[in-house]
Peer 1: 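Have a look at this one.
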Amino acid sequence: MSTLSGAAAIVGIGATAFSKASGRTELRLAAQCVRSAIADAGLSPSDVDGLVTFTMDTNSEIAVAREVGIPELSFFSRISYGGGAACATVQQAAMAVATGVASVVVCYRAFNERSGQRYGRVQAAAAQQPTSTGVDNGWHYPMGLGTPAATVAMFARRYMHEYGATSEDFGRVAVVDRKHAATNPHAWFHGRPITIEDHQSSRWIAEPLRLLDCCQESDGGVALVVTTTERARDLPHRPAVVRAAAQGSGADQYVMNSYYRPDITGLPEMGLVGRQLWGQSGLSPEDMSAAVLYDHFTPFVLVQLEELGFCKPGEAKDFIADGTLELDGRLPLNPHGGQLGEAYIHGMNGIAEAVRQLRGTAANQVAAVRNVLVTAGTGVPTSALVLSA
Amino acid sequence: MIRDVADQVIARGESSRRAAPDPVNVPMVRHWVEALGDRNPIYTDPVAAAASVHGGLVAPPAMVQVWTMFGLRCTRPADDPLGAMMSVLDEAGFTSVVATNCEQTYHRYLRPGEEVTVGARLTDVVGPKRTALGDGWFVTTVSTWYVGDEPVAEMLFRVLKFRPPAEEPVGDVLRPVVSLDTEFFWAGTRVGELRIQKCLACGEVRHPPGPMCPGCGSTELTHVVADGVGEIYSYVVHHHPPMPGKRLPFVVALVELAEGVRLLAELIDADPAEVRVGLPVRVDFQRIDDELTLPVWRVRS
Ligand SMILES: [Zn+2]
C-alpha cells in the first residue's frame, strides 16, 4: 500500500458562477473561488501555505495569495498539458501535505475560457511557440489539424473503424451528461436535456464529431482545499479522502496528437493512471460508486472506460448501452452533468462534484457513495483520483 | 427541376393583380420629388399644372413602382412568379442575388386619385450560366401597372441568382516551427521529396523526426526519400471553425506509408464522402511560398 493513499483529503470546495461572460478578470475569479473554498473548509487564508494550479492558468500563485490574503507560501507548483493537469493538482497537494512540505494547499483553476481565449479555436500562438511542443505542432497545424475537436476526431475515426462504434454510441454519453445537467441548478444546461435524435441531427464540427459531442466553453473558477486526513477530522465537512492519485504519460506521447503509436484506439496514458489507482487504493473498478470522467469530447469517455478496466477494449459501446451510466445504473457517470452539461472548468468542477457526492450534498445525489473515480483531460498526459468517504 | 418549375410558372402567365394601398396622391408625390430634387411644377403646383399641356396635376411616371411597393410587413402573394422562382433557386444552392436589368415603359401620366394595381409574369429563365460572380440563372419578369383594365406602365426586371463561390480561406497557412532537427524534412518538400528520418546506427526509420534515435540513442541520423505511397489510417473532415489557409470543409488524413511510418497531411481534390480508412493515396506537394511547401495527399487510383 502506498504511503500517499489515505494521507490527505479534500476538505473544502469553492466555485464562482459558471457563465459565458463573467465580466470579471480571471484573477478575480481565482481569488473568489479560492476564498470560498477556504471558507468552506472552515479555515482562514492565513492557514494556507501552498498553492497549485495549471501551467495554463494566467493567475500567478503570488497574485492569488496577495488577493486572498494568504501571507506565506512554502509550496507552489504547476502542472502542464491543459486539462490533463486537473487531478494532478490534487496529487501535488496531497504529496505536499503528506510529506509536511505544506500543511494546507489550495488547488485552483480560473479562466474566461468563453469570453476570453477560447481553446476550441485554432491556437495559432501555441502552434508557433519556439519550443519542442511548437516543433511537434509543425507536423499537424500547417496540415490543417489544429483544433481539439479535430485532433480527437482523428482517434475517433480509427476507433470506429476497428471496433464498429458509431456516432450514436458517442451520442449516448452526451445524452446522459445533459440528462444529469438538466436537474443540476448550477449547470449551464440546467433544464435542457437532449435526445439521441438531437445529437444525431446536430451539425458536423470535425467528422466524426458533431456539435453535441463537444463540450461547452465556460467562464468560471473552481478551487479545492487539501490537508492531511488527520487534520481533516477537526474540520466541518466529511473529508473526501485521497485514496489514490496518479499521473500518466504514455510511450511516444504527444499533446493531442499521439498518432504514431502502433495502435491509436486507446489512451495508454490513462491505462497507466488506472493501474496506479487500483494499485495504490487496493480497490477495483467494481468498487466505484460513481465516475466523473473527463468529457471534453464524447469518444474519449468510451476509451477511458476501457483503459480504466470497466470493460475490454472496444466494448465500451456495449457497456454503456443499457442504462449503466444513469444515476441508478451500475456506474453513474458525471452526476453534475460533466463538462458537456455543467461547465468546462478544465476538469476541476468534476473533482468538486466527487467531493459533494462523498459528502452527500450533490444536486443529483447517488445512493450510498463510498468511492468516486475522477479523471482529467484526455489525449494529453493526464491524471486521476480515487476519492473515498 | 429548375427548368420544369420555370416552364410551369411561365405558362401560368400573369399573377393576380395587387392593389396599391393608397390612390395616387399629392403628398407622396411631393416627398418623392423633394427627395429626388425634381422641380418640375406640374407635379406639385396646381396653377402651373393647370396651365401646362396636362391641364392639372400629374404624378411623375418614374414613381409607378412606388404606388404598389411592398410595405415593411407585407408578404409576397402566393402566385408571385419571382418569389416562386427565387425559392426554387435558393434550394438548388443559387442563394445569392444581384439585379442586372430594370427597364420601365410608361404609357401615360397618372393623376391624383387614380387607383393602381399591378400584376407580374415570368417571361424568361436562362441558365446555368458561368458568370464572374459564380454559376447562376438569369430570371426575367415583366410587371404591368393598370388603372382599371388599362395598362399604364410596364417594367422588365432581370436578376442573376448565383451560387456563391466556396468560402475563400481566411488568413495564411500556419507555418511550422522548424528546428535544426527537422529542417531536412522541409528542405525536402521544397524540392518535391518526402524525407523520412533514418538512424545511421541501427537503421530505424521514424516520423516525426527528432535529434536522437529512440531505438539506440544514436545522434548519427540521415533520411530516406519515401516513395510517397500509402493508405489512409484515419481521417477527419473538418467543418468548423475556420482554419487559416484552408477552404472549408477539408479532409486531413493520417497515412501509413509503405516505409512503415505515419504522416499527416491534407487530402486534396477528394470528395469527403468518398474518403475511407484504407484508401490508397500518394504524396504531392503544395507550394505556399519560397520558404514553405506542404506535403499533401491525393487519391491514388
Ligand atoms: Zn538507432
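All values below come from the heavy atoms of this structure, side chains included, with hydrogens, waters and symmetry mates left out. Letters A, B, ... mirror the listed sequences (proteins, then strands); counts begin at 1.
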Peer 1: B:Pro244, B:Pro208, B:Ser179, B:Gly171: which one forms the most heavy-atom pairs within less than 4.5 Å of chain A?
Peer 2: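 It is B:Pro208.
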Peer 1: Which atoms of B:Leu294 come close to chain A, meaning under 4.5 Å heavy atom to heavy atom: side chain ones, backbone ones, both, or neither?
Peer 2: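 Only the side chain of B:Leu294 comes within 4.5 Å of chain A.
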Peer 1: What part of B:Tyr235 lies closer than 4.5 angstrom to a heavy atom of chain A: side chain, backbone, both or neither?
Peer 2: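 For B:Tyr235, the contact with chain A is made by backbone and side chain together.
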Peer 1: On the six-membered ring of A:Tyr259, is B:Arg262 placed so that its NZ or CZ lies under 6.0 angstrom from the centre and within 45° of the ring axis?
Peer 2: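 No.
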Peer 1: Check step by step if side-chain hydrogen bond (donor to acceptor under 3.5 Å, both in side chains) holds for A:Thr55 and A:Ser80.
Peer 2: CA-CA 5 Å; A:Thr55 303; A:Ser80 294; 2.9 Å; yes
Peer 1: Does any donor atom in the side chain of B:Gln286 or B:Glu266 lie under 3.5 Å from an acceptor atom in the other side chain?
Peer 2: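 No.
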Peer 1: With no hydrogens and no angle check, just 3.5 Å: does a side-chain donor-acceptor pair link A:Asn349 and A:Glu342?
Peer 2: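 A:Asn349 vs A:Glu342: donor-acceptor pair found between side chains.
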Peer 1: Checking heavy atoms, do the side chain of A:Tyr254, its backbone, both or neither come under 4.5 Å from chain B?
Peer 2: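 Contact with chain B involves the side chain of A:Tyr254 alone.
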Peer 1: Under 4.5 Å, counting heavy-atom pairs only, tell me which of A:Arg121, A:Gln128, A:Arg158 racks up the most with chain B.
Peer 2: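 Of the options given, most contacts go to A:Arg158.
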Peer 1: Given heavy-atom pairs under 4.5 angstrom as the criterion, report whether the side chain, backbone, both or neither of A:His140 touches chain B.
Peer 2: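 Both parts, backbone and side chain.
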Peer 1: Are side-chain N/O atoms of A:Glu269 and A:Ser249 paired as donor and acceptor at under 3.5 Å?
Peer 2: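 No pair is found: no donor N or O on one side chain lies under 3.5 Å from an acceptor on the other.
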Peer 1: Establish, for the pair B:Lys129 and B:Trp137, whether the NZ or CZ atom is under 6.0 angstrom from the six-membered ring centre and no further than 45 degrees off its axis.
Peer 2: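 Cation-pi check for B:Lys129 and B:Trp137: fails.
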Peer 1: Regarding B:Arg195 and the six-membered ring of B:Phe184, is the cationic atom NZ or CZ under 6.0 Å from the ring centre and inside 45° of its axis?
Peer 2: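 No.
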Peer 1: Select one option (side chain, backbone, both, neither) describing which atoms of A:Arg261 are under 4.5 Å from chain B's heavy atoms.
Peer 2: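 Interface part for A:Arg261: backbone (N, CA, C, O).
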Peer 1: What residue in B:Val237, B:Val296, B:Leu292, B:Val178 has the most heavy-atom pairs under 4.5 Å with chain A?
Peer 2: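 Among the listed options, the one with the most contacts to chain A is B:Val237.
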Peer 1: For the interface with chain B, which of A:Gly134, A:Pro142, A:Ala206 has the highest count of heavy-atom pairs at distances below 4.5 Å?
Peer 2: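 Greatest number of close heavy-atom pairs with chain B: A:Pro142.
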Peer 1: Among A:Ala153, A:Gly120, A:Ser132, which has the most heavy-atom pairs under 4.5 Å with chain B?
Peer 2: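 Going by pairs under 4.5 Å, I would pick A:Ala153.
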Peer 1: Do the non-hydrogen side-chain atoms of A:Gln247 and A:Gln276 ever get within less than 4.5 Å of each other?
Peer 2: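 No, their side chains stay 4.5 Å or more apart.
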Peer 1: Tell me, side chain or backbone of B:Tyr233 under 4.5 Å from chain A's heavy atoms, or both, or neither?
Peer 2: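 Its backbone and side chain both get close to chain A.
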Peer 1: With chain A, which of B:Val251, B:Asp181, B:Val252 has the greatest number of heavy-atom pairs at distances under 4.5 Å?
Peer 2: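 Ranked by heavy-atom pairs under 4.5 Å with chain A, first place is B:Val252.
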Peer 1: For B:Gln197 and B:His207, test the side chains for any donor-to-acceptor distance below 3.5 angstrom and give the result as yes or no.
Peer 2: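 Checked: B:Gln197/B:His207 side chains show no N/O donor-acceptor pair below 3.5 Å.
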Peer 1: Looking at A:Asn137, A:Thr151, A:Ile264, which makes the most heavy-atom pairs under 4.5 Å with chain B?
Peer 2: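 When all of A:Asn137, A:Thr151, A:Ile264 are compared, A:Ile264 has the most.
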